[in-house]
Asker: 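What follows is a single structure, and I will ask about it in a moment.
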Amino acid sequence: MNLELTDISWAHHARTLIAFPALPKQAATLVVLLGLLFSGNLVADDKLDFNRDIRPILSDNCFLCHGPAASTRAAELRLDKREPAIAANAIKPGNPSESDLVDRIFSDDPDSIMPPPDSNKKLTSRQKEILKRWIKEGAEYQQHWSFVSPERQPEASSIDQFVAKKLSTVPLNGTPPAQPETLIRRVTFDLNGIPPTPAEVQQFKNDIGGRGIDAAYQTLVDRLLARNAYGERMALAWLDAARYGDSSVMHADGPRDMWPWRDWVINAYNTNMPFDQFTIEQLAGDLLPNATVEQKIASGFNRNHATSDEGGAFAEELRVEYVVDRVKTTSTVWLGLTMECSQCHDHKYDPISQEEYYQFFAYFNNTTDPGMQTRNGNQSPTVRVIPTELRTQLDSLQLSIEAAKKKLAERKDAAEPEFLTWVDQASQKVGVKIKNAEPTGLTQWYPLDETTGNKLTNSVSGAIANKEKGKWQNADRSGTKALDLNGKTQFISNEKTIEIKNDQPFSFAAWIKTDGKSSGAVFSRMDVPQAYRGYDMWVQGRSIGTHVVNTWPSNALKAISVDQLKINTWQHVIITYDGSQKAKGVKIHIDGKLSDNAVEADTLDGATETTAAFKIGSRSQGANWRGGVDDIRIYDRALSTKEINSFPGNPIEHILSIPPNERQAAQINALKQHFFSTVDQDSMTIASQLAEANSKQQALNAKPLTTMVMQDNPADKMRTTYILERGQYDSPQEEKPVNAGVPAALPPLPELAPTNRLGLAQWLTQPEHPLTARVAVNRYWMMLFGQGLVRTPGDFGAQGMPPTHPELLDWLAVEFVESGWDVKHLLKLMVTSGTYRQSSRRSSLQQQQDPENLLLSYSPRFRLQGEFIRDQALFVSGLLTDQTGGASVKPYQPPNIWNEVSLNGGLRYRQDKGKNLYRKSMYTYWKRSAPMPNMMIFDSPSREKCVIQRARTNTPLQALVTLNDPQFVEAARKLAERILTESAETSTRIDSAYQLCTSRKANSREHVVIKNLLEDERRRFTESPENAKQFLAVGESPKSASISEIDLAAWSVICQMILNLDETLTRN
Amino acid sequence: MNFETESRRRFLMRSGNGVGAMALSTLINPSLVGSLNANEQNRSHPGLPQFPNFAPKAKRIIYLFRAGGPSHIDTFDYKPEMRKFHGEELPDSIRQGQRLTGMTSGQKSFPCVAPMFQFEKFGEHQTWVNKDLLPNTASIVDKISIVKSMYTEAVNHDPAITYINTGVQQQGKPTLGSWLSYGLGSENDNMPAYIVMISRGRGQLQALYDRLWGSGFLPSKHQGVKLRSNGEPVLYLNNPPGIDRVGRRRMLDSLNELNQGTYDKFSDPETQARISQFEMAFRMQTEVPGLMDISQEPQHVKDLYGPEVEKPGSFARNCLLARRMVAKGVRYVQLFHRGWDQHGSLPVKLTQQCQDIDRPAAALIRDLEQQGMLDDTLVVWGGEFGRTIYSQGKLTKDDHGRDHHGRCFSMWMAGAGIKRGYEYGATDEHSYNITENPTHIRDLNATILHQLGIDHKKLTFKFQGLDQRLTGVEEEAHVIKGILA
């Protein structure tokens, strides 16, 4: 026994001196300690308790070979159940000396002793004695505690009663209540993630004076629970569990948009969504009847996992890996079970067989998302998310569009007489019918008058160009049909005869309409991988021209127009080439007018024929152009100036020259189009308003925000689930399909529960479920008390630690369910308890008797999590941006963090400017292959996997962050500006900084230390004003001009120090 | 950890408030800094009791990691017979229907490629080494053991590189270096126990991930610290502009005084930890830049590494820095050199890669030897998998590529109880399947731990109910006894 105590004290001391966190490694030791504390002395009269005293020993030392897993069971002996253990003579109740188990554990013979020497397991003499005594007492078994539904025990009815009861067995007292300043700072951090303002502290103290601490504190807690910051704080913990990030993790780790899901979580907490609903919507929101967009967004919980885009990967292997992750995350977060152990074989410690694992797996195995994912952006299935402000904009645009359309139609009706008059007059002006002389040498002619069919016809050869990619969209060119290339649409011709030779002439002609932004090929025959060999008609912003290429750029010709194309206007372009292999042999005409050439390559002297196909809208790869095109013609000679001048005909004049009674309906329609779009001023004004609204609408819809969601295959395409041999994706036991289901050791599914994720979620949230409420309550407890009542919050199984206060845990779980899974109610219950409100000052007796605070005899004192440390610095300095939710932001980050590890090394971090530098840390863009280093140094998980308990370490690197990271240096400066502006007196300023950072005033000793330092700093900066200037230049926020630089620099050092106080960095 | 250390620590902790001041004065007295380094009893990060489990051969390790999958065929696993079947289809009897990556599984033809380089036998053991690409490595072949029968189940970069560094293909597990930091602690309070440096290489750069030096479920104090060649060598190491060392010292003295007041009030040992944390940070601010400054190295040492050593961020520079780090008590240095993924143009690209690393790697072995450190420093060289005997893409007279190959590949180890001038394991004549002494990457990790005095089964951490370890909770792993001297 002494030995173990020594171990414990060592473990604790090592930890405290060097700041180990509470390591689960010490779990076994802590179990011993728990046993000691709660069973009193080892020789106490209390009867041993199987779950508390025996199961942890058996599980840790024996179950690996003698536990629930049939496949690895040795000597056909199982010790996790009473009857088989007795039947095998391992245990003879009441009679240790005749129990093989006792024989074997006390044996000295290496061939006989259990656990065997090569297992690396060893029972302590105390553990051996306990097992012996247990058999003597009758070797009673209990069902594992966490698999039995919780019930309220009658002996206590509040948190404090349960805690006091346990304390009285030691005996030990609790600690007096914390000071009001400490308490308000503690609870504000715990519920809002930021410290209280000095005004709030004062208000609280005043309220205590007026109404007493209890009433004042109730009001305070209610106020904190009602703030938006509450939802943010709660969501932050959930993001770790949900492995939320802004990138895809594996291989390229490309970006994704999942922040609408993150905002859903914040909102769910803020609206106090009941935890059962919170659960159902995240696990199966998409499967709810008439699921709302919000509910679908919620289901994104199970799309947050890592995905891969690696070129050589096996899609099915990855897809299975995603399902495995969902099982693991769901079981960890809601069941507190290490279900993943059964992926390859039966669970060694808990009653979960491999088959049961795959039954659970089946719930998540039917989704439509593929294994291979995109490298850039969201992978389907997704839903479009329209943020509120965008929704408002779109709605108002829609109204203007409809109004303009109506107005336009009205104008057209009203202007019918004016139209007829114009037709008469214009027809008279045109007179006789015009006939265009058609030049010879036409080899290609795509009139582009098709309206559907995804096919374009070459009217010279009859060859067809098929749509290869993109959407079919028609454009209208003054009443004739044309083609609209949207930047994705491209057509490919099967015709192999369209050659352009480097030394032979050609002419290209086409109608085009450009937005002036897109560059690309109107048409081409160009082999991109083979050094761009071939030709194209090329739009480059507002210029038009051509490439003729043997090898780009060493043997190529490129000329584009100096004259600019008009924006969004149909213009006719003719490019001729005389076969001279010189750029000056290229003549570019826009609407008949010859432009000067801008020459970008003039080195052509080699063949240009290529095997690449003729394409409209792109090159062999890429160079997709966005714009309107009509009437493409290619001639095998250079057209003459005369031909160009008479080319092309004007279709409107042509119609007008036709006698009125011979005009067809389509032609009359074209005249109307022309009249209303070029002649009638009223229509034109309305039309331009309409066009403007349309283009705004298009722009807003151009890059729609989506978020990834869950979606199941339809019933007729369900994927069958098989047990995977050793968990290998390519080894399904196909003779043995399994159906979705839950482990037999847990309650059955509710009647009528659907056989899908929704059924699973309903099962989890049944009021009598033994795990869901306990696991959730334990996590909330951990959030407020630093450690859970079960100190292994991810393992409520046999290998986990039993609860320190089992009755309290059960009482809280029942309370939680009976309150309607009311999270705010539960948290309020916890933070208003006397246990929570204790001081963290521990007496030496407490230090000795309760070093790990297992008895809750004092309030824990621990370092704030990294996000809170940064947010506090921003908050007290007045920098923090007050905004809830929205896209993730990129604050200061040292250079080269991303490109040092990124695929191909080129990915840069583009830091934001302005208010995005000062958002709460939970909104920082989380790239999971290279997460924000100043948070990682403070134990933030990378969020590649579900984490529900962070380590809490103290390392020198953390000191470097809070001292040197520009974010913190800038915050110190702004804090200094704040206190210097708010008060003129040194002592007041010191108190004010202290109040902001620690919620209390500085004491006299602290005043002395700070004043001394302040004098030294003033002297230092006075001697070297340049240092002050440099120091104050850190950070992008402007520097106050009204404060002397020496003063501000000196005070900034003081503020740095105060921001780095142990008390500032700690939840007290 | 000896008894004296424990009892001293216990004494310190038990004697209450007075100790705070005492510990504080110890920590901030500059004259004691030297003795702090030398005196293990004062190590603030001592590792676990019972570790090492037995007398270690290696005190430290430098791991030269070739990220991307270097071709074993073109470096160490050459056979003259390959010349005979150059250009011929890979026989089905060799391939045995095994899965190929998505990059070549659609390929219709799988022509075998003999290396387009000259090979020669070097050293007493007459080991084949690529004479064109690795002349310097060839010259130290009598100092190293080459394991030719390494294998891994992973054939894609992300899972494979995660696997070899953490023992598991999926994310979330601690790396070798963090296991060492956790188990053995740090020898130098002013330096991290586990350091990573990255150099770029010239080929296709596959991504790296922070998880490759992460601590997984171990506390984050065990995560590797990335030393950077540009800007601050350690993130946030430099004082802000305008704050010099004297000024910082003055402020920290005041801060310590105020924190001591907090300790007096709350008696929380974590406050003491915080005080020492700020002191360590302060010392690290000089220690790290000092170590990064190679101007103190004699010219003849720099000459060993070649002219590239003058270039920050080069592999040569990082090798020399690694030697300087381990000499100062850093337990584990891993050098990532990127760009070994030659799916195409292998003859040109592999040549460039080897130009980067051949001379510095050999120099590191010689330098360690000259400094008397090779006997207790373990050096490991290798990547996450090998490459295929068949060509990815078209095989031409002077060009070809190779796809990923996990069924066999080569690594070498040197120093610290490893046989000198030895080859272990063998593959078939196509260097496709292992014929002798298959060695899983778990075995490699078990061997590394073994050389550091650790039984890989004993270095465990209870997480999610299991005694987790680097070599996995399920699988067998065996120390590669054959290469131990």
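In what follows, chains carry the letters A, B, and so on, assigned in the order in which the sequence lines appear, proteins first and then strands, with residues in each chain numbered from 1.
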Asker: Is a salt bridge present between E944(A) and R211(B), judged by a nitrogen-to-oxygen distance below 4.0 Å?
Answerer: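 Result for this pair is yes, salt bridge flagged.
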Asker: For D403(B), which atoms come within 4.5 Å of any heavy atom of chain A: side chain, backbone, both, or neither?
Answerer: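 Neither; nothing under 4.5 Å.
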Asker: Can you measure from CG (D244(B)) to OG (S1024(A)) and round to the nearest 0.5 angstrom?
Answerer: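 Between atom CG of D244(B) and atom OG of S1024(A) there are 8.0 Å.
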Asker: Which heavy atom of R228(B) sits nearest to which heavy atom of P894(A), and what is that distance?
Answerer: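 Looks like NH2-CB, 4.2 Å.
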Asker: Could you tell me which portion of N238(B) (side chain, backbone, both or neither) has an atom closer than 4.5 angstrom to a non-hydrogen atom of chain A?
Answerer: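 The backbone, not the side chain.
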Asker: Give, as side chain, backbone, both or neither, the part of P941(A) having an atom under 4.5 angstrom from any heavy atom of chain B.
Answerer: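 Looking at P941(A), nothing touches chain B.
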Asker: If I measure from the heavy atoms of chain B, does R861(A) come under 4.5 Å with its side chain, its backbone, both, or neither?
Answerer: both
Asker: Answer yes or no: is there a donor N or O on one side and an acceptor on the other, between the side chain of Y209(B) and the main chain of H251(A), under 3.5 Å?
Answerer: yes
Asker: Do you know which of V969(A), T962(A), N904(A) has the most heavy-atom pairs with chain B at a distance under 4.5 angstrom?
Answerer: N904(A)
Asker: Rounded to the nearest 0.5 Å, how far apart are CZ of F217(B) and NZ of K945(A)?
Answerer: 13.0 Å
Asker: Counting only N and O atoms by type, is there a donor-acceptor contact under 3.5 Å from the side chain of R928(A) to the main-chain atoms of D210(B)?
Answerer: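 Looks like no, no N/O pair under 3.5 Å.
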Asker: Top residue by heavy-atom pair count (under 4.5 Å) with chain B, among D795(A), L903(A), D350(A)?
Answerer: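 The candidate making the most pairs under 4.5 Å is L903(A).
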Asker: Is D467(B) salt-bridged to K121(A), cutoff N-O under 4.0 Å?
Answerer: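 Yes, D467(B) and K121(A) are salt-bridged.
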Asker: Please examine the side chains of R863(A) and E270(B), heavy atoms only from C-beta on, and report whether any two atoms are closer than 4.5 Å.
Answerer: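 Contact flag for E270(B)/R863(A) side chains = no.
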Asker: Do K457(B) and D118(A) pass the side chain to side chain contact (heavy atoms under 4.5 Å, CB included) test, and can you show the C-alpha distance, the side-chain angles, and the key distance before you say yes or no?
Answerer: CA-CA 10 Å; K457(B) 286 187 179 164; D118(A) 65 356; 5.9 Å; no
Asker: Please classify the contact of K348(A) with chain B as side chain, backbone, both or neither, using a heavy-atom distance under 4.5 Å.
Answerer: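 For K348(A), side-chain heavy atoms alone lie under 4.5 Å from chain B.
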Asker: So, for P956(A) and M284(B), which heavy atoms are closest and what is the spacing to 0.1 Å?
Answerer: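 So the minimum-distance heavy-atom pair works out to CB-CE, 4.0 Å.
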Asker: Can a salt bridge be assigned to the pair D268(B) and R841(A) using a cut-off of 4.0 Å between side-chain N and carboxylate O?
Answerer: no
Asker: Need one label for A1028(A): side chain, backbone, both or neither, based on atoms under 4.5 Å from any heavy atom in chain B.
Answerer: neither
Asker: Just by distance, with hydrogens left out, do D1062(A) and T262(B) show a side-chain donor and acceptor under 3.5 Å apart?
Answerer: no
Asker: So which part of D309(A) gets closer than 4.5 Å to some heavy atom of chain B, the side chain, the backbone, both or neither?
Answerer: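 Contact with chain B is absent: no heavy atom of D309(A) under 4.5 Å.
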Asker: Under a 4.5 Å heavy-atom cut-off, does chain A meet the side chain of H343(B), its backbone, both or neither?
Answerer: neither
Asker: Working to the nearest 0.5 Å, report the span between CG of L1061(A) and CG of L255(B).
Answerer: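 It comes to 6.0 Å.
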Asker: Does P159(B) reach the side chain of E310(A), with side-chain heavy atoms less than 4.5 Å apart?
Answerer: yes
Asker: Rounded to the nearest 0.5 Å, how far apart are CG of L258(B) and CD1 of I1010(A)?
Answerer: 5.5 Å
Asker: Let me know if S308(A) has heavy atoms under 4.5 Å from chain B in its side chain, its backbone, both or neither.
Answerer: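 Neither part; nothing is under 4.5 Å.
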Asker: Sort C341(A) into side chain, backbone, both or neither according to what part of it lies under 4.5 angstrom from a heavy atom of chain B.
Answerer: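 Contact with chain B: side chain only.
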Asker: Shorter than 4.5 Å, heavy atoms on both sides: which option in G313(B), G247(B), G172(B), G231(B) has the most such pairs with chain A?
Answerer: G247(B)
Asker: For Q223(B), is it the side chain, the backbone, both, or neither that has a heavy atom closer than 4.5 Å to a heavy atom of chain A?
Answerer: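 Side chain of Q223(B) only, per the 4.5 Å heavy-atom cut-off to chain A.
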Asker: Determine the minimum heavy-atom distance between P933(A) and Y236(B), stating which atoms define it.
Answerer: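 So the minimum-distance heavy-atom pair works out to CG-OH, 3.6 Å.
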Asker: Would you indicate whether the side-chain heavy atoms of M280(B) and L960(A) approach each other to under 4.5 Å?
Answerer: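 Of all side-chain heavy-atom pairs linking M280(B) with L960(A), none is under 4.5 Å.
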Asker: Does any part of the side chain of P241(B), heavy atoms only, come nearer than 4.5 Å to the side chain of V1034(A), both counted from C-beta?
Answerer: yes
Asker: Measure the CG-CG distance between N156(B) and L318(A) for me, rounded to the nearest 0.5 Å.
Answerer: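 Atom-to-atom, N156(B):CG and L318(A):CG are 8.0 Å apart.
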Asker: Working to the nearest 0.5 Å, report the span between NZ of K221(B) and CG of D939(A).
Answerer: 10.5 Å
Asker: Is it the backbone or the side chain of V225(B) that comes under 4.5 Å from a heavy atom of chain A, or both, or neither?
Answerer: side chain
Asker: Could you tell me whether the side chain of Q847(A) reaches within less than 4.5 Å of the side chain of S267(B), counting heavy atoms only?
Answerer: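 The answer is no; the side chains never approach within 4.5 Å.
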Asker: Just give me the residue among T1066(A), L957(A), N934(A) that pairs up with chain B most often, heavy atom to heavy atom, under 4.5 Å.
Answerer: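 Most heavy-atom pairs within the cutoff with chain B belong to N934(A).
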Asker: Please classify the contact of K226(B) with chain A as side chain, backbone, both or neither, using a heavy-atom distance under 4.5 Å.
Answerer: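 Side chain only.
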Asker: Using a 4.5 angstrom heavy-atom cutoff, name the option from L1032(A), V1009(A), N1012(A) with the most pairs to chain B.
Answerer: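 Winner by heavy-atom pair count: V1009(A).
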Asker: Which atoms of L100(B) come close to chain A, meaning under 4.5 Å heavy atom to heavy atom: side chain ones, backbone ones, both, or neither?
Answerer: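 The answer is the backbone of L100(B).
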Asker: Minimum heavy-atom separation for N899(A) and R338(B), please, with both atom names.
Answerer: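 Heavy atoms of N899(A) and R338(B) come nearest at O-NH1, 3.8 Å.
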Asker: Could you tell me which portion of L237(B) (side chain, backbone, both or neither) has an atom closer than 4.5 angstrom to a non-hydrogen atom of chain A?
Answerer: both
Asker: Run the salt-bridge test on R250(B) and E1017(A) with the 4.0 Å N-O cut-off and return the result as yes or no.
Answerer: no
Asker: Of all of L963(A), I1054(A), V901(A), N1027(A), which one pairs up most often with chain B through heavy atoms under 4.5 Å apart?
Answerer: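 Going by pairs under 4.5 Å, I would pick V901(A).
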Asker: Any side-chain heavy atom of N1060(A) sitting closer than 4.5 Å to one from L252(B)?
Answerer: no
Asker: Would a 4.5 Å heavy-atom cut-off, applied to side chains only, mark E257(B) and E1006(A) as touching?
Answerer: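 The answer is no; the side chains never approach within 4.5 Å.
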Asker: Looking at Q277(B) and T955(A), would you say the former's side chain and the latter's main chain have a donor-acceptor pair under 3.5 Å?
Answerer: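 Side chain of Q277(B) to backbone of T955(A), a donor-acceptor pair under 3.5 Å: yes, one is there.
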Asker: Tell me, side chain or backbone of E153(B) under 4.5 Å from chain A's heavy atoms, or both, or neither?
Answerer: neither
Asker: Using the side chain to side chain contact (heavy atoms under 4.5 Å, CB included) rule, take E321(A) and Q169(B) through it: C-alpha gap first, then chi angles, then the decisive distance, then the call.
Answerer: CA-CA 10 Å; E321(A) 201 174 313; Q169(B) 297 190 40; over 6 Å; no
Asker: Looking only at non-hydrogen atoms, find the nearest pair between P269(B) and R842(A) and report the distance.
Answerer: CD-NH1, 4.4 Å
Asker: Would you say the side-chain atoms of N964(A) and R248(B) include a donor-acceptor pair closer than 3.5 Å?
Answerer: yes
Asker: Is it the side chain or the backbone of M251(B) that comes within 4.5 Å of chain A heavy atoms, both, or neither?
Answerer: both
Asker: Could you tell me which of A313(A), S942(A), G794(A) has the largest number of non-hydrogen atom pairs under 4.5 Å with chain B?
Answerer: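 Among A313(A), S942(A), G794(A), the one with the most close pairs to chain B is A313(A).
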Asker: Does any heavy atom of chain B fall under 4.5 Å from the side chain of Y858(A), the backbone, both, or neither of them?
Answerer: neither
